[in-house]
K.L.:
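The structure is given below, and queries will be raised subsequently.
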Amino acid sequence: MKIDIERISKIYSRPKKADHVVLKDVSFSIEAGDFVVILGESGCGKTTLLNLLAGLELPTSGAIHVDGQKIEGIHPSRSILFQQPALIPWLNVKENVSYGCKIRGDIKELDYRVNQFLEIMGLAGFSQSKPSQLSLGMAQRVCLARALVGHPRALLLDEPFASLDTFTQAHIQEELVNLWLSEQFTAVFVTHDIDEAIRLGTKIILLGGDPANITDIFKINEDYPRDRNHKRFKEIRVKILDRFKNAYLAKRSLV
Ligand SMILES: Nc1ncnc2c1ncn2[C@@H]1O[C@H](COP(=O)(O)OP(=O)(O)O)[C@@H](O)[C@H]1O
Ligand SMILES: [Mg+2]
């Protein structure tokens with residue numbers, strides 16, 4: 001899925017205060033099959049941007065096109081994974097994974113697809129478990145299986161692994177990359193974690209400023225799984241930290 005973001009701005013109005021311009025004139029393109037990471041500090045507007053790509057919100061001005069069609073709301077071809085696993089507590093794992101497809105009437109080979117994803121995610125033995133019986137990492141795996149079982153063309157991820165411990169994070173990051181390589185969806189992954197960005201992305205887009213805009217783009221062609229001590233990654237890490245430091249100093253000198 002090719003995604004074109006064309007001069008979008010997002011402004012929130014606030015009672016008794018000036019309007020809050022979160023994003024201003026942001027433009028960039030995401031090629032089909034890319035793994036794009038949007039990296040920025042907390043509060044800079046990453047979730048706002050991802051919600052616009054999902055169609056959960058609409059831009060105040062500008063437009064987003066997917067394969068030439070303007071986004072005017074949510075669509076099952078673009079799946080979303082949030083920071084916290086949001087599962088239906090009274091349904092078991094298998095029912096949770098199949099729920100969205102069932103509601104939409106997308107039931108062709110659904111049982112086979114659900115079992116396949118539960119197997120890939122190492123959840124086959126937990127298909128009858130309720131969400132309350134799962135660890136956070138397992139619950140997020142269920143959400144990932146649910147997000148992919150309908151074979152979306154794009155997967156939008158909003159800091160989905162931020163609450164997981166380092167080890168679980170490393171495993172699930174690798175599983176996500178393997179799924180992306182085999183399923184060939186376009187991935188847009190929001191994070192504030194530089195190492196996570198370097199481990200995952202074919203392209204890292206830095207978001208910063210107030211209102212936020214793109215401050216830099218890094219392309220990474222290295223194979224997976226990636227070694228975080230690779231020379232190229234060290235260089236990119238230093239460059240990204242430099243950009244953030246400069247932006248921080250510039251902001252402080254204005255105060
Ligand atoms: N629905 C909303 N109404 C008003 N302000 C919002 C809304 N959503 C986000 N914001 C504001 O937009 C800014 C960016 O928020 P967000 O996109 O959540 O940042 P991030 O995900 O990078 O932490 C914040 O200052 C936040 O308060
Ligand atoms: Mg956010």
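Just so it is clear, the model here is predicted, and its values are computed rather than measured.
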K.L.:
Would you please say whether a donor-acceptor pair under 3.5 Å links the side chains of Thr48 and Glu57?
P.N.:
no

K.L.:
Given side-chain contact (heavy atoms from CB on, under 4.5 Å), test Tyr99 with Glu95 step by step and report yes or no.
P.N.:
CA-CA 6 Å; Tyr99 186 77; Glu95 291 162 342; over 6 Å; no

K.L.:
If you compare all heavy atoms of Lys24 against all heavy atoms of Pro211, which two are closest, and at what distance to 0.1 Å?
P.N.:
CB-CG, 3.6 Å

K.L.:
Does the side chain of Asp34 come under 3.5 Å of the side chain of Thr186 through a donor N or O and an acceptor N or O?
P.N.:
no

K.L.:
Before giving the answer on side-chain contact (heavy atoms from CB on, under 4.5 Å), spell out for Arg153 and Asp67 the whole-Å C-alpha distance, their side-chain angles and the decisive distance to 0.1 Å.
P.N.:
CA-CA 11 Å; Arg153 313 245 325 282; Asp67 292 333; 2.5 Å; yes

K.L.:
Looking at Leu144 and Met121, what are the two nearest heavy atoms and their distance?
P.N.:
CD2-CE, 3.7 Å

K.L.:
Would you name the heavy atoms of Pro152 and Ala147 that are closest together and state the gap between them?
P.N.:
CG-O, 3.4 Å

K.L.:
Looking at every non-hydrogen atom in both residues, tell me the closest pair between Lys94 and Asn115 and how far apart they are.
P.N.:
NZ-OD1, 3.2 Å

K.L.:
Asp4 and Ser29: side-chain hydrogen bond (donor to acceptor under 3.5 Å, both in side chains), yes or no, with the steps?
P.N.:
CA-CA 5 Å; Asp4 294 301; Ser29 287; 2.7 Å; yes

K.L.:
What is the ring orientation for Phe189 with Phe35, classed by angle as parallel under 30°, tilted 30 to 60°, or perpendicular over 60°?
P.N.:
tilted

K.L.:
Closer than 3.5 angstrom, by distance alone: can the side chain of Gln140 be matched with the main-chain N or O of Phe82 as a donor-acceptor pair?
P.N.:
yes

K.L.:
Which of these, Gln184, Arg113, Glu183, sits in a side chain to side chain donor-acceptor pair (under 3.5 Å) with His151?
P.N.:
Glu183

